[in-house]
Visitor: 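One structure, pasted below without further comment.
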Amino acid sequence: MKSLWNDKEAKVFLQDPLALRVYTSRLLGRDMSLVMHGGGNTSVKAQIKDFFGLQQEVLYIKGSGWDLATIEAKGFAAVKMDALLRMVRVKNLSDTDMVREQRAAMLDPNAPNPSVEAILHAIIPYKYVDHSHTDAVVTITNTPDGRKRIEEIYGERILIVPYVMPGFLLARKVYEMTKLMDWSQYDGIVLLNHGLFTFADTAQESYENHIKLVTKAEEHLNGSSKRSLMSKSIVMARSAFRPKGNLLELAQLRQAVSSIQGDAVVALWKDDKHSVAFSCLTKVKSMATRGTLTPDHVIRTKPKPVIIDKSIDADVSAYAKTYKKYFERYTDGNLKCLDLAPRWAVWPGAGVVSFGRSLGEAKIISDILDHTMEAIQKAEAMGGWKPVNEKDLFDVEYWDLEQAKLSKGPKPKGLIGKVALVSGAASGIGRACVERLIANGANVLGLDIKDGPHVMRCDVTKESDIKNAIESIVRRFGGLDIVISNAGIFPPSMNLDAMDPASWEKSMQLNLTSHQRLMKAAIPYLSYGIDPTIIIIASKNVPAPGPGAGAYSVAKAGLTQLGRVAALELGAKGIRVNMIHPNQVFDTAIWTKEVLEKRAHHYGLSVEEYKTNNILHTEITSKDVADLVCTMAGKTFLKTTGAQIPIDGGNERVI
Ligand SMILES: [Zn+2]
């Protein structure tokens, strides 16, 4: 591993200990094999003047919720050193009390919560302290003779601490081990099954020492695991004997996990060659279920994945039962069980799949898996993958502080985890639907022949384009729940006796037939959707047609009839199909100024009168329609199908 320290870059920070702390923290954060997604922590001790001008010795410690890769000065909390040093002498302190006392000792109450390792950082008598969950060191310690190997690699200049729960217990343990010790005899601390600490009086030395120690571990790892990997002990592909996964099975897996979780999740399928190779290992079932790379991953990944072995549904429900038992085995009776759903799956022959309430959450798990899969194989090659045991993982998974971290943040939005497809998404109602669905938490792919935000190029009159689009959305998010069938055109006004056949055909093709094709391609995936629904954007012209709009009105009437038949056919699969009849929405591409003036003139109205020509005298906007779409896609309309909902300001020809 190479040091990323750069004298030129660092020069500007040399006078400011905190700025320098930010700089080297980010250097650590840049390498995902050291820390990822909020893991690890760093600190610097400094003398500062408080509000009253009094000199205070403080520990600037990484705030919880901050990521080392992107941390800023305000991501560090300044905590009074004397309070931290007093706390470590208390024999028993719950982590909740510890966090409260740490907060009470902060100079700025608006700073983030100090990391739970603040006390440990405080007792290390050096200015700079760096802590990572380095893959290399942790992988070595996650083997049966890990401790021995660490002694061999580093000799006597490393303090080895057996695994204890992070937080106060760990700080206390290190305190007991070191209170009579001369710190200068050590270059760092290896926490078995957890990570590495280094320390020094300069930021550069602490950071570079960290890199040096990690490099030694990497060299050891490459030497030993490469030799053993050759020995064929663990590599044995069975992909040849199993069908590879397909997108329909992926949707089925996502549905099974969502139903156990109680809400929609995104399923991110990793089928790169490393993931597929891992899923094909003969011992994958045993290896993947022994535990996490470092304990705090358990918060994201749970202790074990589900292994897709027999049938997707049976495997996922068996996982839920096993998880329940695991909880019951260790709960003290006061804990609240998390949902029983897995956070990732091993899919033999196909790779691995991670699940999250959002794509971001699933991606974090996916990153963790990249590192975990590699560590498992290297450790197994060195004599056996042996991470922290189940009980210790449970303690971290059900740790008050960790649970609190996850429950922070705003209440989940109504369509979170849902996957939606919107046709005709580059402008008007379609574009508004994309925006509103995303604002409601859904994962959205828009289709259009034109470009737009979140839009994939697709000509919905071409079956190959449709197939490609549906497969893209399933591959991206793991399934499909909501189809907003919206693509349309408004042909030039023409009476029936003057109808241009090409204009008629074009309207039929886009306003009617393309919707049937999109529906046909979507139905197999919607069958595995979460509260699946198709929402058809029809028109006010269906119940109240106007002269000159035959090609449009007839196609939209056909589209409505298509929706009614679909509601009948798809009810048994739990797929709802409803239609919306918007009044003219004038902020769409269809309504050019010219068309608008022509239609207004046709009715002898001004443009303004024409726009609000309804019982409520109100203009309907594409955002109004999009809001209705979101409501109809959500829980309020769970028991409605085959319905035609107007959004037209009231029409006296219909009422
Ligand atoms: Zn840690």
Visitor: Between Asp465 and Arg517, is there a side-chain N and carboxylate O pair less than 4.0 Å apart?
Guide: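 Arg517 and Asp465: not salt-bridged.
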Visitor: Do Asp481 side-chain atoms and Thr533 backbone N/O form a donor-acceptor pair below 3.5 Å?
Guide: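 Absent.
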Visitor: So, does Ser279 use its side chain to make a donor-acceptor pair with the main chain of Gly349 at under 3.5 Å?
Guide: yes
Visitor: Taking only residues two or more places apart in sequence, or in another chain, which ones meet Asp500 in a side-chain contact (heavy atoms from CB on, under 4.5 Å)?
Guide: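 Result, side-chain contact (heavy atoms from CB on, under 4.5 Å) vs Asp500: Met494, Ala502, Ser503.
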Visitor: Output yes when a side-chain donor or acceptor of Asp587 lies under 3.5 Å from a complementary backbone atom of Thr621, and no otherwise.
Guide: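 The answer is no, because no donor-acceptor pair under 3.5 Å joins these two groups.
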Visitor: Is any side-chain heavy atom of Leu596 less than 4.5 Å from a side-chain heavy atom of Lys611?
Guide: yes
Visitor: Just to verify, what does Tyr326 make a ring-ring contact (aromatic ring centres under 6.0 Å, His included) with, not counting sequence neighbours?
Guide: Tyr323, Tyr330, Phe394
Visitor: Measure from the side-chain N and O atoms of Thr372 to the backbone N and O of Ile368, and report whether any donor-acceptor pair falls under 3.5 Å.
Guide: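 It does hold such a pair.
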Visitor: One thing to verify: whether Glu463 and Lys467 come together as a salt bridge, which I'm taking to mean a side-chain N less than 4.0 angstrom from a carboxylate O.
Guide: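 No, this pair does not count.
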Visitor: Are any of the side-chain heavy atoms of Met32 and Asp370 separated by less than 4.5 Å?
Guide: no
Visitor: Would you list the pairs meeting salt bridge (Lys or Arg N to Asp or Glu O under 4.0 Å) in which at least one residue belongs to residues 590-602, sequence neighbours left out?
Guide: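 Sorted result for residues 590-602: Lys593-Glu597.
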Visitor: Please collect all salt bridge (Lys or Arg N to Asp or Glu O under 4.0 Å) contacts where either partner lies in residues 572-585, sequence neighbours excluded, each pair once.
Guide: none
Visitor: Would you compute the distance between atom CG of Leu605 and atom NE2 of His601 and round it to the nearest 0.5 angstrom?
Guide: 11.0 Å
Visitor: Just by modelled atom types, is the Ala487 backbone N or O under 3.5 Å from a matching donor or acceptor in the His515 side chain?
Guide: yes
Visitor: Just so I know, are the side chains of Asn468 and Cys458 near enough to count as touching, which here means a heavy-atom distance under 4.5 Å?
Guide: no
Visitor: Short question: side chain of Asn614, backbone of Thr618 - any donor-acceptor pair under 3.5 Å?
Guide: yes
Visitor: I'd like to check Leu268 versus Leu359 (side-chain heavy atoms, cut-off strictly below 4.5 Å). Are they in contact?
Guide: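 Answer yes - side chains close enough.
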Visitor: Give every residue pair that meets the ring pair (Phe, Tyr, Trp, His ring centres under 6.0 Å) criterion with at least one member in residues 259-280, sequence neighbours excluded.
Guide: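 For residues 259-280, and leaving out neighbouring residues, the ring pair (Phe, Tyr, Trp, His ring centres under 6.0 Å) pairs sorted by first residue read Trp269-Trp347.
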Visitor: Nearest 0.5 angstrom please: Asn110 CG to Lys74 NZ, how far?
Guide: 12.5 Å
Visitor: According to ring pair (Phe, Tyr, Trp, His ring centres under 6.0 Å), does anything in residues 465-489 pair up with another residue at least two apart or in another chain? List the pairs.
Guide: none
Visitor: I'd like to know if the side chain of Asn651 and the backbone of Arg653 have a donor-acceptor N/O pair within less than 3.5 Å.
Guide: yes
Visitor: First locate atom CG of Leu253, then atom CD1 of Ile308, and finally report the distance between them rounded to the nearest 0.5 Å.
Guide: 5.0 Å
Visitor: Would you be so kind as to tabulate the donor-acceptor pairs closer than 3.5 Å made by side chains of residues 437-447, with sequence neighbours excluded?
Guide:
residue	atom	partner	partner atom	Å
Asn440	ND2	Arg436	O	2.8
Asn443	ND2	Lys418	O	3.1

Visitor: Hey, could you give me each pair passing side-chain hydrogen bond (donor to acceptor under 3.5 Å, both in side chains) that has a residue in residues 549-570? Not counting sequence neighbours.
Guide: Asn541-Ser553, Gln561-Arg564
Visitor: If you measure only the distance, is there a donor-acceptor pair under 3.5 Å linking the side chains of Tyr610 and Gln584?
Guide: yes
Visitor: Atom OG1 of Thr331 and atom OH of Tyr398: how far apart are they, to the nearest 0.5 Å?
Guide: 8.0 Å
Visitor: Please list, chain by chain and in numerical order, all residues satisfying ring-ring contact (aromatic ring centres under 6.0 Å, His included) with Trp344, sequence neighbours excluded.
Guide: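 ring-ring contact (aromatic ring centres under 6.0 Å, His included) check on Trp344 returns nothing, list empty.
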Visitor: Has the side chain of Thr322 got a donor or acceptor atom that lies under 3.5 Å from a matching backbone atom of Ala318?
Guide: yes
Visitor: Which value, rounded to the nearest 0.5 Å, describes the distance between Thr513 atom OG1 and Leu518 atom CG?
Guide: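 Those atoms lie 12.5 Å apart.
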Visitor: Look up atom CD1 in Ile482 and atom CD1 in Ile575, then write down how far apart they are to the nearest 0.5 Å.
Guide: 13.0 Å
Visitor: Return each pair, listed once, that meets salt bridge (Lys or Arg N to Asp or Glu O under 4.0 Å) where at least one residue sits in residues 617-626; pairs must be two or more places apart or across chains.
Guide: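 Applying salt bridge (Lys or Arg N to Asp or Glu O under 4.0 Å) to every pair that reaches into residues 617-626, excluding sequence neighbours, yields Lys623-Asp627.
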Visitor: Test: side-chain hydrogen bond (donor to acceptor under 3.5 Å, both in side chains). Region: residues 351-363. Which pairs qualify, not counting sequence neighbours?
Guide: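 Those involving residues 351-363 do not exist here.
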Visitor: So, the side chain of Asp648 versus the backbone of Asn583: is there a donor-acceptor pair under 3.5 Å, distance only?
Guide: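 The answer is no, because no donor-acceptor pair under 3.5 Å joins these two groups.
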Visitor: Is it true that the side chains of Ser275 and Asp272 contain a donor and an acceptor less than 3.5 Å apart?
Guide: yes
Visitor: Which residues pass the side-chain contact (heavy atoms from CB on, under 4.5 Å) test with Ile615, not counting sequence neighbours?
Guide: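 side-chain contact (heavy atoms from CB on, under 4.5 Å) check on Ile615 returns Glu652, Ile655.
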Visitor: Considering only heavy atoms from C-beta outward, does the side chain of Lys540 approach that of Ile620 to under 4.5 Å?
Guide: no
Visitor: Between Asp448 (side chain only) and Ala425 (backbone N and O only), is there a donor and an acceptor less than 3.5 Å apart?
Guide: yes
